[in-house]
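To start, the structure itself, in structure tokens.
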Amino acid sequence: MSDVRLRPATGPDRRALAAAGVTVLFWASAFVSIRSAGEHFAPGALALGRMLCGSLVLGVILLVRREGLPPRAAWPGILLSGVLWFGLYMAVLNWGEREVDAGTAAMVVNIGPIAIALLGGWLLKEGFAPRLLAGIGVSFAGAVVVGVSMSDGGGAPLLGVGLCVLAALSYAAGVVAQKPALRHASALQVTAYGCFVGMSCCLPFAGQLVTQTADAPPAATLNVIYLGIFPTALGFTTWAYALARTSAGRMGSTTYAVPAVVVLLAWVFLSEVPGPLTFVGGALCLAGVAVSRGGARRPVAGSDREAADSPPVGQDLPGR
């Protein structure tokens, strides 16, 4: 006990940060693909197509890795996150982005990480670290700046704003529900079975998906396939991997980097040149993420605590 000292939480946090970075890149790219595919697929059909492709990829990976059903204790979180995040969020966000401009949608949906931090601090007993709250505040300000700079200046319809708020809250609730499931099952299991649940929720749009796929150009269909493989199957798995190794609040704050990456991807792939105000907002988003994730230290007592640096998948770090 006398050999207790403070040391940075380095090893696992670096792996979690790398996984979160992959998620941010894939999720940011999803906005570019959704913009293209959304011209040819209705919100429900697009959500089902995405979940179907993601489920196929994740199902194959489960078979290759020979991972069976998750333990019974993980199922409440898997079912709830599957319905709220993989199902409701996907369809409602697609619908909301048809009613409001992209800037307004991004600004409203970015209340999600704030809700994650509040729900995580209350329901998951993660507390309310001042550095996390400060980082969220900075990033949210950046998201507002990005939203204003990308807005077309028109009034946002009440329906569109309401749908984006519903999407943000369902996303936040899904993340908080997923966190306890990762204590009992692997990141792959939680992601795959959550995706299966979300796909099941979207099955009423199957007829619409079949009809619109027949009429859509190949590029739009390829965008749906991309959304299922990369932002969904891979992006959600790396998210779950990182979430298992840090708090829900800190992971939620990481997604504030998404608007900054979206701006860069839209610049490269859609030739949408961002204005100076957009760059300022993107920089604030990234600065807030850095503030919220930096400076974490925890006590380590001698060599017998070294094992705490490498927890098995699905377990939390002590004191994180």
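Residues take their numbers from the sequence shown, with the count starting at 1.
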Response to the item:
For Val64, the other hydrophobic cluster members (4.5 Å side-chain criterion, sorted by chain and number) are Val60
Worksheet item: Counting distance only, does the side-chain N/O of Ser81 pair as donor-acceptor with the main-chain N or O of Val175 below 3.5 Å?
Response: no
Response to the item:
side chain to side chain contact (heavy atoms under 4.5 Å, CB included) filter on Val224, not counting sequence neighbours, yields Ala37, Phe41, Leu46
Item to complete: Just grab all the side-chain hydrogen bond (donor to acceptor under 3.5 Å, both in side chains) pairs involving residues 23-34, residues at least two apart or on different chains.
Response: Thr23-Thr238, Ser29-Tyr226, Ser33-Asn223
Practice prompt. Sort and list the pairs that fulfil ring pair (Phe, Tyr, Trp, His ring centres under 6.0 Å) and have at least one residue in residues 48-82, not counting sequence neighbours.
Written response: Trp75-Tyr193
Practice prompt. Report the residues that fulfil side chain to side chain contact (heavy atoms under 4.5 Å, CB included) with Val176, sequence neighbours left out, ordered by chain and then residue number.
Written response: Leu119, Leu123, Leu124
Worksheet item: Please, which pairs that meet side-chain hydrogen bond (donor to acceptor under 3.5 Å, both in side chains) have at least one residue in residues 159-174, sequence neighbours excluded?
Response: Tyr171-Thr255
Worksheet item: Between Gln178 (side chain) and Ala240 (backbone), is there a donor-acceptor pair under 3.5 Å?
Response: no
Worksheet entry | Over all atoms of both residues, closest heavy-atom pair of Ala192 and Leu62 | CB-CD1, 3.5 Å
Practice prompt. Could you tell me which residues satisfy side chain to side chain contact (heavy atoms under 4.5 Å, CB included) with Val83, sequence neighbours excluded, listed by chain and number?
Written response: Val197, Cys201
Response to the item:
Connected to Leu63, directly or through other members, by ILVMFWY side-chain contacts below 4.5 Å are none
Item to complete: Mind jotting down which residue pairs meet the side-chain hydrogen bond (donor to acceptor under 3.5 Å, both in side chains) criterion with at least one end in residues 83-94? Sequence neighbours excluded, please.
Response: none
Discussion item. Applying side chain to side chain contact (heavy atoms under 4.5 Å, CB included), can you list everything that pairs with Pro204, at least two apart in sequence or on another chain?
Written reply: none
Fill in: side chain to side chain donor-acceptor pair (under 3.5 Å) against Arg66, all qualifying residues, sequence neighbours excluded
none
Discussion item. For residues 201-211, which residue pairs pass the side-chain hydrogen bond (donor to acceptor under 3.5 Å, both in side chains) check, not counting sequence neighbours?
Written reply: none
Discussion item. Measuring from atom CD of Gln189 to atom NE2 of His184, what distance do you get when rounded to the nearest 0.5 angstrom?
Written reply: 12.0 Å
Worksheet item: Is the closest side-chain heavy-atom distance between Arg50 and Cys202 below 4.5 Å?
Response: no
Worksheet item: Is the closest side-chain heavy-atom distance between Leu234 and Val22 below 4.5 Å?
Response: no
Worksheet item: Side-chain heavy atoms under 4.5 angstrom apart, residues restricted to Ile, Leu, Val, Met, Phe, Trp, Tyr: same cluster for Leu48 and Val210?
Response: no
Discussion item. Counting C-beta onward and ignoring hydrogens, is there a side-chain heavy-atom pair between Ile78 and Phe196 closer than 4.5 Å?
Written reply: no
Item to complete: Apply side-chain contact (heavy atoms from CB on, under 4.5 Å) to the pair Ser186 and Glu67, showing each step before the final yes or no.
Response: CA-CA 9 Å; Ser186 71; Glu67 294 201 28; 2.7 Å; yes
Worksheet item: Does the side-chain contact (heavy atoms from CB on, under 4.5 Å) test come out yes or no for His40 and Asp215, once each step is laid out?
Response: CA-CA 8 Å; His40 305 279; Asp215 297 333; over 6 Å; no
